[in-house]
Structures are given as structure tokens and as C-alpha cells.
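Below you'll find the structure, written out as C-alpha cells, and then a few comments.
The basis for the numbers below is simple: all heavy atoms, side chains too, and nothing from hydrogens, waters or symmetry mates.
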Amino acid sequence: MFSARKEKNQTLSPYLTRPGAWAFSIGTSIGWGSFVVTCSTYLSQAGIAGACGMAVILVINHNLCYMMGRVSDAGGIYTYGRRVQGCDAGFLVAWLLLLTYMAVLWANVSSLPLFARRFLGTVFEFGYCYTVFGYDVYLGEALLSIAAIILIGLLCMRSRRAPQYLMIALALIFTGAVAICAVCALVGHESGGFSYDPAFIPEKNEFEQTLRIAVISPWAFIGFENVTHFSEEFAFPAKKIRGVMVASVLLTTAFYILMTLLSASAYPARYDNWLAYIGDMNNLSGIEAIPAFYAAFRYMGRAGVTILMLALLSVILTSLIGNLTAISRLFFAFGRDHDWLGGLGSLNRYGIPGRAILVAVILSCLIPFLGRTAIGWIVDVTTLGATIIYGFQSLFVFHDARINGHRREKYTGVVGVALMVGFGVLLLAPKLLSYEAMEAESYLLFVVWSFVGLVVFRIVVSRDRENQYGHSIIVWIVLLLLMLMTIMMWENREVQLITEESIGEIEQFYQRRFENGAAAAEDVSAFLSEQSERISGANSIGTLFTFVLFISAVVLMMNNFMAARRREAMLESELGDAMRIGLTDSLTGVKNKNAYLQWEKKINRQIESGEEEPFAVVVCDLNNLKKVNDKFGHKTGDECIRRACAHICGVYDHSPVFRYGGDEFVILLLGEDYANREHLLKRVMELPRGDAPETDISIAAGMCEYQKGQAKTLSNVFEKADEAMYRQKNRMHSELDQKNRPTKRAYIAR
């Protein structure tokens, strides 16, 4: 299992129980949109039976459970990716996680005014500010959202157990409430004369409808993996999380299915079936505009509406608490790895990453003033973001499982990657399915987020003093490709919308011409020319925008690359100076303990990322040196140390040698020396005699080979080599003691 070295005041303490983990998982995956998407997507585009497409998420769940068994620190997929694939991959996943979690958090923050409008009327509609993208923004509604996020932020900053207990209670409330309403609908359905037919949308391919739901399943479930960010805080064995996660996935799936059935179980008498009702939903108002609430009212009266209102409010609150907490753990993990981030990786007096929560709260307080329409575009981005995140997570699992010989997870990793790549292609490639995956504005927002990601990565690289970033091109390539693909989709959607508008205007033009008589030929020609120029102009603007953004991204990418190269050159120069000044032993000329510590950091990073080469550690200790120092002085002792060091360097002439202590040397066996390690271990203990027998010393040596999966750090290997050296020392001590038994002289090692 991977683990990180953390300072005591930067380590989160365990508190999260299994019921708490279940509540955070299911409570974060189900939000306000869950009550709406059953109609706007599941029923309208895939019918009742299409919901079975959500089963693909079980593969992702299996990979997540494997991941949590391998990593025990905060940060979830970010931390796992950082250790399995390196810091560059970790940054990329963190950037996408931040986008999706913040989008879902903002969606539920801005859903509180919608809740108030639906069920409380105009109570908070005061202080009109402006209309943005067709949505009226009121100061009262903005204050309602801000107050909610601040109160929840304060709760999460001052307590860990209180949010956990609240999450458990709210999760039980909304699952119980939906179950009650669904059971009542199922029992009373037949007596109401309604029918669940058709199971699928008529005149559409059933497989395509099921695939449609599968493609958006990452969006439907995003957040259920948020418990991975709490791995460091589990108060139970990590292997127990599998049952918790399976229960969460099954219950979330059951929730969507029950909501789908509930929404289709009742419809006004003027409609022939649920399909006609759902198709006309945008033209309805009041309770009829929310099919699930209409069904609850039909079967249970006002009590049913009240029960679902309580469920909906519980869903909003669990999503706010869960996403805010998960974001804080992501910020905390990233801040702990980057000291320059102003203390994001620090804990307050309650043992909670308070600064991380505060940053998330501040960012969220600005959102209510954007309007619900803009938030809808941001949330739409999570469809693609969640797909990419789960794809990378499966890739990390495959890489880890392949290295460690876990066959089942190697296959599930491949399946997860294949599924998410396929879904990503369907989301990005136009017209592969007969629907548009996202709005044009959502594609543009993803373009902006990718570009900002390159800017932020540039800052991270420039502040990287440990040379951890910029070693691969994964961030630059992935974000650049996402920019290109999404900007092409944005341009395509914009041209499509303008074309549709132009076609509509042309139809109206000819309709007026038919009604009012023939128009002059030049008028028709001028009108058609105007529409053609309008479409051509939109295409030209999109192309120019794409070109400018692409060039900007390439310039930024090259700037990133050059910054990484300059940093490496600077570090190499600094390392060379340090070697000359502080990393060389003045007596022997070999590397000293400070140099060993530098190598230790380097090898530990390689072990964490799975990129280490085979190596072994040899620890050598000089016998009889104290006797020489006491009898002949330290000058003679220093000569003995230099002679022993020359012998060690002659034996291990392909590996770095360190003088670790006064009479102790450490060798990191690499390459050819590692291949001949057993033979060289015997040779190093055959130190030739000196000029004077009374100044003879000997070498005791012990060796330990690095075994993948058994040793987590170089220190573990060193300790075993040190133990082996002392066993050899004791054997030499016993042999010398027997040889000198008549004199009863004790052999002193040091």
C-alpha cells in the first residue's frame, strides 16, 4: 500500500465510520439534478428501460475500491495518480476533479432559489438586480444561497462528526422518502388506469437509448467516489470500503430507477401516456411541471408533496456538505504537497483543513450572481469532466495492477479505460449519436477551463523547487487536445444554431411571401445573401477564435517546456555547487550523508511512481577502528578509513559510495554492480592488510535487495541491510573471540 510522509500537524486523524462513508458517497452523487434528469434525460431520451445503461458504473466502482486499498491518504484519485503515474498526471486529475466538484457544488447552491420559487413562491424574490441569459437575479435569492454555503462551511470547519451525523440522517431521509412515494405509486398505479408503456421511446433504436444513458452515467454518479478523499480519515479497515461502495452504487441506481418509475406512473388525463406528458413538460407550470411531485400528489395528496419536498431539501444539503468537504480534502492534499499555496495543507485547532474549506466557500459565494442559466452550462461540463476523470482513474489502476501482478484489476482497468474513451468520443465527436451531448456554451467553458489549466500548470512548474513537474507531456497534450476538440464542437454547435435560425427565418420569409404575394427577385436574392453571409460570418469568427486560442496554447505550452528546462538546468547547477561544497566527504572524497539523503528522496519518488530500477543497499562498518584510534591516534585512524574507502570504491566501481558515519559506509548497488552483488559482497569484506599488523582493520558488510511491493521507501531497505551487517559483525566478533579466548580480550566494534 502506498503511503506518504506527513508532518504530525498535517495528518488527518481517523473519524469516518462506514455509515458515514456510505452517506457521503450516496449523498454527494444525488443532488437537485437527480429530480430533474429523470424527466429531461432518462424518460425523454431513453424511456423507462433505458436506465439499465447505468450498470457500467460498477466497473468504475471496482477500480475505486482497489485504489482505496492501495492509497491511504487524502486526495483520492489525485493522490493515487500522483504516486502511480507521477506529479504531472496528478495535477491533471486534480484540475478536472476541481472543475467537476465545484460545478456540482455550485449547481446545488444555486438550486436553493429554485426550490424557494417552486415551493415558497416569491418570498425571496426581492431586490431585483438584473437578468442574465434570460434568468432574473434577485438579491434575496443570492443572499439565501450565500447564507447556506457560509453556514455549512462554518459547520464543516468546526466539526467533523456533526457533518457526518447530519449526512447520515439526511441520506436516510431522502432514500426513505423516495422509497415511500415510489411504493405508493407502484401499489396504486394500476387502479389509476395508467400505463408504463412504452418502455423505450418509439421509433428510436433501443440500444442507442440505453447507450445514451450509459454515456451520461459518469455525470449521474459523479461524487459517489468522494469518499476516496477521506481514506486518511477512515475509522475502519480500508478493505471494508468495498461493501460500502457497492451499497452506495446500488442504492443510487435504485434511486434513479424509482424516480423514473414515479415520474412515469401518473399523468394528467388530457395526455394519452407518460411520453406525451413528458414531451409537453416545458409548457406546464405548477406541480404538473415536476412529474415526480405530480405523481406523489396524485397518490398521496399534500402529504406526498411534503415528503418529496423534504427529500429534495435533504438531497440539496447532502450535496452541499459532501462536495464542500471533498473539495477541502482535495485542496488540502494538493496544498500539503505544495508549500507555496498559502497554508492550504494546514489544519486548524479542530484537526480540519479550515483554510481549504474557506477558499471553497469564498469561491462559491460569487456564484449566485451568475444566474441559474450560466450555472447550468457549468454543470453540463461535468458530463465530459467525469468521463475523463474515471478514464484516468482506470488507467492508474491498470498501471498499478500490471506492475504488482493483480490480474483482475488489470482487466477491469482496461475495461474502464475503454468505456470512458468510448463515452468521451461520443461526447466530443459530433453526430455519432442522434442527440447533442452538451450546450454550445458548455463546450466553450471547457475550452476556457483547459486554457486556464495550462496557465496554472505553468505557475506550478515555475514554483517547483524539487523538480517534480514537467517530466512528461501528459498535461500539455491532454489539455491542448481537449481545447481543440471542445472548441471545434463549440464552433460546430454555434454554426448549427445560426443555420437553424436562418432556416427558420427563410421559412418565415417565404411564408410571408406566399401570404402577401410575390416579392421582387432582387429582394429574395438580397435576403438569401444576407442569411448566407450570416452563416459564413459565424464560421469565420469560429475559425479565427480557434486559431488564436490554439496559437496561444502552443505558446504557453512552449513557455512551460522552456521553464521546465531552465529549472532543470538551474537545479543541476545548484546540485553541482552543493556537491562541491556540502555533499562530499572531506576525508575520503566520496559522497557524504547529505548526498545520501538527496539520493534517498530521488529513489523514494521513483518507488512511489513505480519507475524504480532494480537496486540493493550494502552497509559496511569498519572493525577495530576504535582500538587503532585509542592506541595510535586519530591521524592513523583516518589513514585506515581512507584505505578502507579506497578498497570499497574499487570493489563497487559502478555504484555511488557514501560515508554515512565515522566508520560506516553505504553503497547503492546499481546496474552491473547489482548484477554481481553476491560476488562483490564477499570481495568487499576481503580488505588487504596494512603496512603494520597492529593497525589492521576489517570490514563487516550486510546487503538487502529492494523487493517491489515489500519495501515502501529506501529507508526500509537500508534498515534490513544494516541488520544484516550487524549479524555479520557478530559472527566476526565470535570468530575473533574464539581465536583470542586465552587472552579473554573483548572485541569492541566501534
Side-chain angles (χ1 to χ4, degrees), residues 1-29 61 64-83 90 94 97 101 152-172 223-248 318 321-337 343-358 360 393 608 712-713:
M1 181 184 293
F2 298 109
S3 62
R5 287 188 174 184
K6 303 176 285 290
E7 299 296 332
K8 185 176 180 181
N9 63 348
Q10 291 182 312
T11 305
L12 296 165
S13 57
Y15 82 97
L16 192 65
T17 63
R18 276 184 283 180
W22 167 80
F24 271 98
S25 180
I26 191 173
T28 313
S29 60
N61 178 63
L64 284 168
C65 292
Y66 172 80
M67 182 192 81
M68 281 186 281
R70 299 283 295 158
V71 64
S72 60
D73 297 326
I77 302 174
Y78 154 70
T79 301
Y80 186 58
R82 177 183 171 90
R83 299 194 188 152
L97 279 170
Y101 284 170
I152 290 174
L154 289 174
L155 175 66
C156 294
M157 289 172 65
R158 297 179 66 86
S159 175
R160 292 183 300 169
R161 299 190 182 278
Q164 175 183 205
Y165 298 146
L166 183 58
M167 287 287 290
I168 295 173
L170 293 172
L172 291 174
F224 91 101
E225 80 295 330
N226 80 332
V227 294
T228 63
H229 297 275
F230 300 89
S231 296
E232 198 172 314
E233 300 171 89
F234 287 168
F236 56 92
K239 63 181 180 180
K240 300 288 186 180
I241 194 63
R242 187 174 297 276
V244 174
M245 296 294 288
V246 170
S248 172
T318 55
I321 297 172
N323 279 291
L324 182 63
T325 311
I327 290 169
S328 71
R329 270 46 177 188
L330 176 61
F331 277 156
F332 169 75
F334 197 79
R336 188 165 59 185
D337 294 332
L344 275 182
S346 62
L347 302 176
N348 61 19
R349 59 193 180 99
Y350 302 103
I352 299 171
R355 292 186 182 181
I357 295 176
L358 181 61
Q393 190 267 338
E608 289 177 353
K712 301 175 183 178
T713 63

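- Atom CG of residue Leu16 and atom CZ of residue Phe24 lie 6.5 Å apart, to the nearest 0.5 angstrom.
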- [ ] Determine, step by step, whether Phe332 and Leu12 satisfy the side-chain contact (heavy atoms from CB on, under 4.5 Å) criterion, reporting the C-alpha distance in whole Å, the side-chain angles of both residues, the deciding distance to 0.1 Å, and the verdict.
- [x] CA-CA 10 Å; Phe332 169 75; Leu12 296 165; 3.7 Å; yes
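- Remark: side-chain polar atoms of Arg82 are not paired, donor with acceptor, to backbone N or O of Gly75 under 3.5 angstrom.
- Summarising the geometry of Thr28 relative to Gly223, their closest heavy-atom pair is CB-O, 3.6 Å, with the distance given to 0.1 Å.
- When all heavy atoms are compared, the tightest approach of Gly20 to Ile168 is N-CD1, 3.7 Å.
- Taking every heavy atom of both residues into account, Ser231 and Val71 meet most closely at CB-O, 3.9 Å.
- In terms of heavy atoms, Cys156 sits closest to Ile321 at SG-CG2, 4.2 Å.
- For the atom pair CZ (Arg349) and CZ (Arg158), the distance works out to 6.0 Å, reported to the nearest 0.5 Å.
- Inter-residue side-chain proximity for Ile77 and Leu64 is flagged as met; some heavy-atom pair is nearer than 4.5 Å.
- Taking every heavy atom of both residues into account, Gly90 and Tyr78 meet most closely at O-CD1, 3.1 Å.
- For Ser159 (side chain) and Leu155 (main-chain N/O), no donor-acceptor pair under 3.5 Å exists by modelled atom type.
- The OG1 atom of Thr228 sits 9.5 Å away from the CG atom of Leu330 when rounded to the nearest 0.5 Å.
- At a cut-off of 3.5 Å, with distance as the only test, no side-chain donor of Thr79 or Asp73 sits close to an acceptor on the other residue.
- Summarising the geometry, atom CG belonging to Asn226 is positioned 5.5 Å from atom OH belonging to Tyr101; distances are rounded to the nearest 0.5 Å.
- Between the OH atom of Tyr350 and the CE atom of Met157 there is a distance of 9.5 Å, given to the nearest 0.5 Å.
- Residue Ala94 comes nearest to Phe334 through the heavy atom pair CB-CD1, 4.4 Å, listed as atom of the first residue, atom of the second, then distance.
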TODO: Report the C-alpha separation of Thr325 and Met167 in whole Å, then their side-chain angles, then the decisive distance to 0.1 Å, and conclude whether the side-chain contact (heavy atoms from CB on, under 4.5 Å) test is met.
DONE: CA-CA 11 Å; Thr325 311; Met167 287 287 290; over 6 Å; no
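- The shortest distance between side-chain heavy atoms of Val227 and Met68 falls below 4.5 Å.
- A donor-acceptor pair under 3.5 Å is formed between the side chain of Ser29 and the backbone N or O of Ile26.
- Between Leu324 and Ser328, the closest side-chain pair of non-hydrogen atoms is not below 4.5 Å.
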Exercise answer: donor-acceptor pairs, residues 239-247 side-chain atoms, under 3.5 Å, sequence neighbours excluded:
{"from": "Arg242", "atom 1": "NH1", "to": "His62", "atom 2": "ND1", "distance (Å)": "3.1"}

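- The distance from atom CH2 of Trp22 to atom OG1 of Thr17, rounded to the nearest 0.5 Å, is 11.0 Å.
- Residue pairs satisfying the salt bridge (Lys or Arg N to Asp or Glu O under 4.0 Å) criterion with at least one member in residues 325-335, sequence neighbours excluded, are listed as follows: Glu233-Arg329.
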